[in-house]
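Given the structure is predicted, the values throughout are model-derived calculations rather than measurements. The figures here come from the full heavy-atom set of this structure, side chains too, leaving out hydrogens, waters and symmetry mates. Each chain gets a letter, A, B and so on, in the order the sequences are listed, and its residues count up from 1.
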Protein chains: 2
Amino acid sequence: MLADILSIGDELTSGQTVNHNAAWLGEQLQLLGIRVRRHLTVGDELDDIVRALQWAHNGCDVLLISGGLGPTADDLTREALAAAMQEKLVTDADSVQEITAFFKHLHRPMPAVNLVQAMRPASARCISNPNGTAPGIAARWGKCQVFAMPGVPREMKAMFTQHAVPVLATVGAASVLRICKLNTFGLGESTLGDRIRDLMQRGANPSVGTTVHDGIVSVRIYARGSPAEADALIKSVATEVTARLGDLCFSINDEPLESVLVELLRQRRQSVATAESCTGGWVAELLTSIPGASVCFPAGWVTYSNAAKTRELFVDAHLLAAEGAVSQSVAAAMANAARQKAGTNWGISITGIAGPEGGSAEKPVGLVFIGLAGPDGVDVRKFHFPGVRAQIRLRAAQMAMTMLRLKIIGRTFEDVIPS
Amino acid sequence: MLADILSIGDELTSGQTVNHNAAWLGEQLQLLGIRVRRHLTVGDELDDIVRALQWAHNGCDVLLISGGLGPTADDLTREALAAAMQEKLVTDADSVQEITAFFKHLHRPMPAVNLVQAMRPASARCISNPNGTAPGIAARWGKCQVFAMPGVPREMKAMFTQHAVPVLATVGAASVLRICKLNTFGLGESTLGDRIRDLMQRGANPSVGTTVHDGIVSVRIYARGSPAEADALIKSVATEVTARLGDLCFSINDEPLESVLVELLRQRRQSVATAESCTGGWVAELLTSIPGASVCFPAGWVTYSNAAKTRELFVDAHLLAAEGAVSQSVAAAMANAARQKAGTNWGISITGIAGPEGGSAEKPVGLVFIGLAGPDGVDVRKFHFPGVRAQIRLRAAQMAMTMLRLKIIGRTFEDVIPS
């Protein structure tokens, strides 16, 4: 069961509008157990739309169209669909009534042009629009089930849910797609991929792939089959993947790192304070983004200047002069002070060079020291993060949270994350 | 001059990831005067990619491809392009060197699989990736100029700008599209739209529209014509829009709010310290995201617990007990203390209820007090922000920066942003 998604509109091809509709429809089809083969986007040009329809029609069982159903001159979906299906456009009497009633209800005169919205290919049927004037179109075109819907997201979603889902649910029912997303942090995508290479064979079921977003490397597992089969396949492969990746994996349910860390602290009734320089408060912001963080996070410092490090966190001014703010000793001092002042179990510190300025031969941009103070003393680790300022800061924040996460669960950092 | 944009990746077809790359590339082509005919998106399936390449190649002059250049088994772009072009895949010696050097710079061993990233169709050339390991590919395929780039947005954009733009700039039409994006904060989109409604007619040149993203309401102006004509049209309409919106508009060049604020402080040699509760460090993080912020931002506090407010910012414990942390007096005390301790010109404080828990009849979720301490004393304003936790926190951070921005430029807050 294959589906194509066709989106129509100049605002899409020109990039003025990001195509969220196609992503939403793609996900909806996945949930229905229908595999999405392709997305196509064309502008408000009749020939382009007709050609796209013809290409899509060839080989897919479901074709979802959005856009081009308005009442203006550049709304060409009805005409293009009729041309591609090689049928006449006819007026749908029920739709005429609905459109007329819609304007009456709004106490607004109906522009005559809106009547074109009641037209459809001869063999198709109109489907009503709960949230607008444009009826959609449902048609059987050869072996392809077609739904044409408005481009306005709210209208498209309501129409799809109300009219398309009941039809498609019977079509994709026997076989569903289950998705499992495991999140990891600490290894690059290719190095991680090496550990699960044999599971990532093309064409396998389940299929396994990796993606990266904002430093988090995710392993996605897709399994097809009956609901029971798909669940069993997911479980089996996920178990194997987590066995191989160990504690690099911090979530099997696509949770964010900060959420997992706050939950860990909460379960153990532990708390943490933060002392940040180059990350500027990012760790504190991430921790507090989680509702209920207050039980495990009472205080954070952003000691951006050396004076602030000395005044707020008692970092010795001579030490700062001798070794510089970006050093192992200063990271240790910051982490210890935050922990002591706040009275928490843990103290995290981050001091580094986020760039683009500020680097040197001995201390290049990307150099970051992360300290973790706890009941047994303070660990400081040195990192070289790649990329621009924003990436260096985010990686540092994520690595600091990872250091704490691994410490809490009793793992030695270097055993999990090789240098 | 027609272009197609092909995006590759299961995460796109399945809807897991919204296709921002295609929109960005579409806009880039518009700026170069090249019309975008179609967008195609296919999954990590060799046959689908090959067919999409063949269909796109037929009739377009420029083909931009993104995705599928990673080192794993589901990265098929090189293979598919070679197959579609009916050429062999060969190893590019320069790329081998570049990839090896990239890993060396990171002090990380290079996985052997990364060497596949140095392969390209025989007649093509590799184009370097400033921000990652995957070289791109540039090729002349019949009359079609092809660029294949990584799917990672930062890498794709840098590569496109560096390698594709110089080539495409010579082939684009004489008529270009110029875009101007004015950013505002403080009014909702429809209320703002009312002020410029007459400028927003459909089909006009320039065309004017509004968009909202993360609380920032932007006015976008598109003008078509020769470069000189388009520039003149933009200038004329932008002048009118800024005259009507006044200081609601904080940038005429799509700069972020924090960048504008840091620049304002820098120009006036002023500094600010932050005392945040519910925003958890977000203001400090935004300010420090701007390179060079250290000249105007030395210190921030995240006093998430009442004890931290008392211990670090000397907020009277009796006051906290009597009025609660979310109150005018506590906001004033926090702002004053941050300013005094840090020795800055300004002190910002934010205390509120981000939700979803913690609200009550008198103090509902979304209630936030923002304090601004300065040479003339401390102002505290009370807000009710809508939405969920993340939105309330971000709006509060943005409003705090806006309060400071308006104060610095000598505007009365209530004159610019009506309640």
Looking at [X] and [Y], what are the two nearest heavy atoms and their distance?
| X | Y | value |
| --- | --- | --- |
| A:His39 | B:Leu12 | CE1-O, 3.3 Å |
| B:Trp55 | A:Arg51 | CZ2-O, 3.8 Å |
| B:Arg38 | A:Val42 | CG-CG1, 3.5 Å |

Give, as side chain, backbone, both or neither, the part of [X] having an atom under 4.5 angstrom from any heavy atom of chain A.
| X | value |
| --- | --- |
| B:Ile290 | backbone |
| B:Trp301 | both |
| B:Ala3 | neither |
| B:Ala390 | neither |
| B:Leu29 | neither |

Short side-chain to backbone donor-acceptor contact, A:Arg393 and B:Thr288, under 3.5 Å: yes
Is it true that a side-chain atom of B:Arg220 and a backbone atom of A:Gln16 form a donor plus acceptor pair closer than 3.5 Å? yes
Do [X] and [Y] make a side-chain contact, defined as non-hydrogen atoms from C-beta onward lying under 4.5 Å apart?
| X | Y | result |
| --- | --- | --- |
| B:Lys341 | A:Glu312 | yes |
| A:Val388 | B:Arg154 | yes |
| A:Arg197 | B:Val113 | yes |
| B:Asp74 | A:Met200 | yes |
| B:Arg108 | A:His384 | no |

Please classify the contact between [X] and chain B as side chain, backbone, both or neither, with a heavy-atom cut-off of under 4.5 Å.
| X | answer |
| --- | --- |
| A:Thr274 | neither |
| A:Gln201 | neither |
| A:Ala354 | neither |
| A:Trp282 | both |

From [atom1] ([X]) to [atom2] ([Y]), nearest 0.5 Å:
| X | Y | atom1 | atom2 | result |
| --- | --- | --- | --- | --- |
| B:Asn114 | A:Thr191 | CG | OG1 | 7.5 Å |
| B:Asp10 | A:Ser207 | CG | OG | 6.5 Å |
| A:Thr210 | B:Asp75 | OG1 | CG | 7.5 Å |
| B:Thr13 | A:Glu27 | OG1 | CD | 12.0 Å |

Most contacts with chain A, counted as non-hydrogen pairs under 4.5 angstrom, among [options]:
| options | value |
| --- | --- |
| B:Ala299, B:Ser289, B:Ser294, B:Ala284 | B:Ser289 |
| B:Gly280, B:Gly26, B:Gly281 | B:Gly280 |
| B:Glu357, B:Gln28, B:Glu276, B:His107 | B:His107 |
| B:His20, B:His105, B:Arg311 | B:Arg311 |

A:Asp254, CG: over 12 other non-hydrogen atoms inside 6.0 angstrom: yes
For atom CG of A:Asp198, decide whether the heavy atoms of other residues, nucleotides or ligands shown that lie under 6.0 angstrom number more than 12. yes
Exercise: do B:Ser14 and A:Tyr222 side chains pair donor with acceptor under 3.5 Å: yes
Hey, is B:Arg35 close enough to A:Asp48 for a salt bridge, meaning N to O under 4.0 Å? yes
Under a 4.0 Å threshold between the charged nitrogen and the carboxylate oxygen, would A:Arg37 count as salt-bridged to B:Glu45? no
Pairing residues for A:Thr351 by the side chain to side chain donor-acceptor pair (under 3.5 Å) criterion, not counting sequence neighbours: none
Which one wins on heavy-atom pair count under 4.5 Å against chain B: A:Ala22, A:Gly43, A:Gly193, A:Ala342? A:Ala342
Check: residues 302-310 of chain A side-chain donor-acceptor pairs under 3.5 Å, at least two apart:
residue  : atom : partner  : partner atom : Å
A:Tyr304 : OH   : A:Arg389 : NH2          : 2.9
A:Ser305 : OG   : A:Ala308 : N            : 3.0
A:Lys309 : NZ   : A:Ser277 : OG           : 2.9
A:Lys309 : NZ   : A:Thr303 : O            : 2.9
A:Thr310 : OG1  : A:Asn306 : O            : 3.4
A:Thr310 : OG1  : A:Val315 : O            : 2.9

